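All values below come from the heavy atoms of this structure, side chains included, with hydrogens, waters and symmetry mates left out. The sequence lines fix the lettering, A, B, ..., with proteins before strands; numbering per chain opens at 1. These numbers were taken from a predicted model, which means no experiment stands behind them.
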Amino acid sequence: MPEKSVVGWSALIAGFSARGDAEAAWGLLDRMRSAGVEPNVITWNGLVSGLNRSGRALDAVTALVRMHSEGFSPDATGVSCALSAVGDVKEVSVGEQVHAYVLKAGCRQDACVVTALIDMYGKCGRADEISRVFHESSHMDVASCNALVAGLSRNAQVSEALLLFREFVSRGVELNVVSWTSIVACCVQNGKDLEAVDLFRKMQSEGIEPNAVTIPCVLPAFANVAALMHGRAAHCFSVRKGFLRDVYVGSALVDMYAKCGKVGDARTIFDAMPCKNVVSWNAMIGGYAMHGEAANAVQLFRLMQSLKLKPDLVTFTCVLGACGQAGLTEEGRRYFNEMQQAHGISPSMEHYACMVTLLGRAGKLQEAYDLINEMPFEPDGCIWGSLLGSCRVYGNVHLAEVAAEKLFELEPENAGNYVLLSNIYASKKMWDGVNRVRDEMKNMGLTKEKGCSWIEIKNKVHMLLAGDNSHPMMAAITEKLNQLTVEMSRLGFAPSTDFVLHDVEEQEKDNILAVHSEKLAVALGLISTSPGTTLRVIKNLRICGDCHEAMKFISCFEGREISVRDTNRFHHFKDGKCSCGDYW
DNA sequence: ATAGGGTTAG
């Protein structure tokens, strides 16, 4: 039996709440009163705080509401905890009521309340409110910075986040590892990879050491721009710090190595991980898929099953993707069925997209279309885009028009769809169609996404844009490309005329000289590294057939291994051949 | 006896 003091009861209630035992906590509150002891503000706060921290968010909010309705005035402490809970359950209307109470109770300048409000609005998807609360408060401390950056990041306000983060820095607010990790994560999650790499370095030069959370945050940035050297450095750092025990760090390293073209290194990390979860397995299986190593992907999936590990939705996305890449059509079909029958997972949009790709790549366009029509929900742009892509490969104008019509409706701003349809018409010499689509594109004011490639040379990532001459070494790059072109035609490598039409841009006079970015990157790599060095290039679009042929030639002529990761998969060029076996 | 912030896979 607890002591008869309010302190004793409060401690007990806080204890049970913190363990997530809401029922016991409520029970104690009743018993306390039966024993003639009235709870005070601290008793109630302890309840709200404990329930929030133990993940019983709804109970925490209920506690605050009941506290209020029983005549207590929640203070800044209780309000902060309750707002934190509101964010977890994303009940913005409740959050707004608490916010209104905050204004009434006069604790709007309390540092914790401000941070909690920012956090709550961030988690509820209200970017406008985040900025408003921040600008109306006079506080700038480390926690509000962290909540602010995380909230803006979640709502894709990366520019605003960077702007405010820099303001915190310039005002001399003492930021910590969480702040720097947040801004790095923000950049990574919003497509600012090079910015993230930069901030990661800045963080260290400011004397803030990355921790086991920072590493998995920054690794995707290295992976996205294939900064293998940076990735390796982060790996070494993790070894020294003992972070390799951390399943997040391990999984992110697996992913990074796979995306940097080192699927073997990814496997080494994977095998050495002392503790794996389904994410780790998915990263490894997905890595194999990306490299077109379907046999390894399937083998790992089998191993997973024999270990009685439960695959999830993503696992099947990876396995189906691997089958698609390798043309394992029948296996793919079997897994698609197995997923539903043996694992009770009903296929999601992504799974259907995998199957449409798998069937489409195998030339079974009608089957792909039938599957789309059988789907229990409305197909999205990915589905139709996949079908359209396959129609391009197999020259199926009829289904292409069906898919394109849906796409123009679903994603009217996506220039890629117009380009694809135009290319399909062009490959059939249907010039009326080409002109119609190009006019439509022009009327919509759409331009094709600029091709962009990255290559890491001596620890620095270079970005090259198609048709952009701003790289300082452009003259030497052009000279190298001209030399290669001469050699190519001398040795009888003719560019595929089919693929010359691949790119609407190339039909435009202005852009006739624009060289695709992956060629620029490879040329830069060739002239900047010693003979025999492997070149790793990442590209933001899919590699075109012309470049694919050129890469095969260059790998042979220059005696180099070249890996190109496009949006779809890896192409490893060696001795004039590509690992995709031209199946892509 | 009670308070706010960051992470991995397709």
Can you check the [X] [atom1] to [N] [atom2] distance for me, whole Å?
| X | N | atom1 | atom2 | answer |
| --- | --- | --- | --- | --- |
| A:Leu83 | B:dG5 | CG | C1' | 14 Å |
| A:Met284 | B:dG10 | CE | P | 12 Å |
| A:Phe134 | B:dG4 | CZ | P | 20 Å |
| A:Leu117 | B:dG5 | CG | P | 12 Å |

Please confirm whether the backbone N or O of A:Ser280 pairs with a side-chain atom of A:Asn277, one donor and one acceptor, at under 3.5 Å?
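A pair under 3.5 Å: yes.
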
Are the side chain of A:Asn146 and the backbone of A:Val142 linked by a donor-acceptor contact shorter than 3.5 Å?
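Between the backbone of A:Val142 and the side chain of A:Asn146 there is a qualifying donor-acceptor contact (under 3.5 Å).
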
What pairs with A:Tyr257 under ring pair (Phe, Tyr, Trp, His ring centres under 6.0 Å), at least two apart in sequence or on another chain?
A:His235

Among A:Asp312, A:Val254, A:Leu300, A:Thr315, find the one that has a side chain to side chain contact (heavy atoms under 4.5 Å, CB included) with A:Trp281.
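Testing A:Trp281 for a side chain to side chain contact (heavy atoms under 4.5 Å, CB included) against A:Asp312, A:Val254, A:Leu300, A:Thr315 leaves exactly one candidate, A:Leu300.
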
Distance criterion of 3.5 Å, no angle test: do you see the side chain of A:Asn40 paired donor-to-acceptor with the base of B:dA1?
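A donor-acceptor contact between them is present.
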
Quick one: does A:Asp110 reach the base of B:dG4 with a side-chain donor-acceptor pair under 3.5 Å?
no

Under 4.0 Å between a side-chain N or O of [X] and OP1 or OP2 of [N]?
| X | N | answer |
| --- | --- | --- |
| A:Ser49 | B:dA3 | yes |
| A:Arg53 | B:dA3 | yes |
| A:Lys123 | B:dG4 | no |
| A:Arg154 | B:dG6 | yes |

Under the salt bridge (charged side-chain N to carboxylate O under 4.0 Å, His left out) test, which residues partner [X], sequence neighbours left out?
| X | result |
| --- | --- |
| A:Asp271 | A:Arg267 |
| A:Arg108 | none |
| A:Glu209 | A:Lys241 |

Is a salt bridge present between A:Arg201 and A:Glu195, judged by a nitrogen-to-oxygen distance below 4.0 Å?
no

Decide yes or no on side-chain hydrogen bond (donor to acceptor under 3.5 Å, both in side chains) for A:Glu136 and A:Gln109, but give the supporting numbers first.
CA-CA 9 Å; A:Glu136 283 173 3; A:Gln109 289 295 344; over 6 Å; no

A:Ala116 side-chain proximity, nearest of B:dG6, B:dG10, B:dG4
B:dG4

Looking at residues 181-200 of chain A, who's got a heavy atom less than 4.0 Å off DNA chain B?
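Those residues whose heavy atoms fall under 4.0 Å from DNA chain B, taken from residues 181-200 of chain A in numerical order, are A:Thr181, A:Ser182, A:Gln189.
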
Using a 4.0 Å cut-off on heavy atoms, which residues in residues 202-218 of chain A reach DNA chain B? List them by number, or say none.
A:Asn211, A:Ala212, A:Val213, A:Pro216, A:Cys217

Under 4.0 Å, counting only non-hydrogen atoms across every strand here, what does A:Ala76 touch: a base, just sugar-phosphate, or nothing?
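The answer is base, as A:Ala76 lies within the cut-off (heavy atoms under 4.0 Å) of a base atom.
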
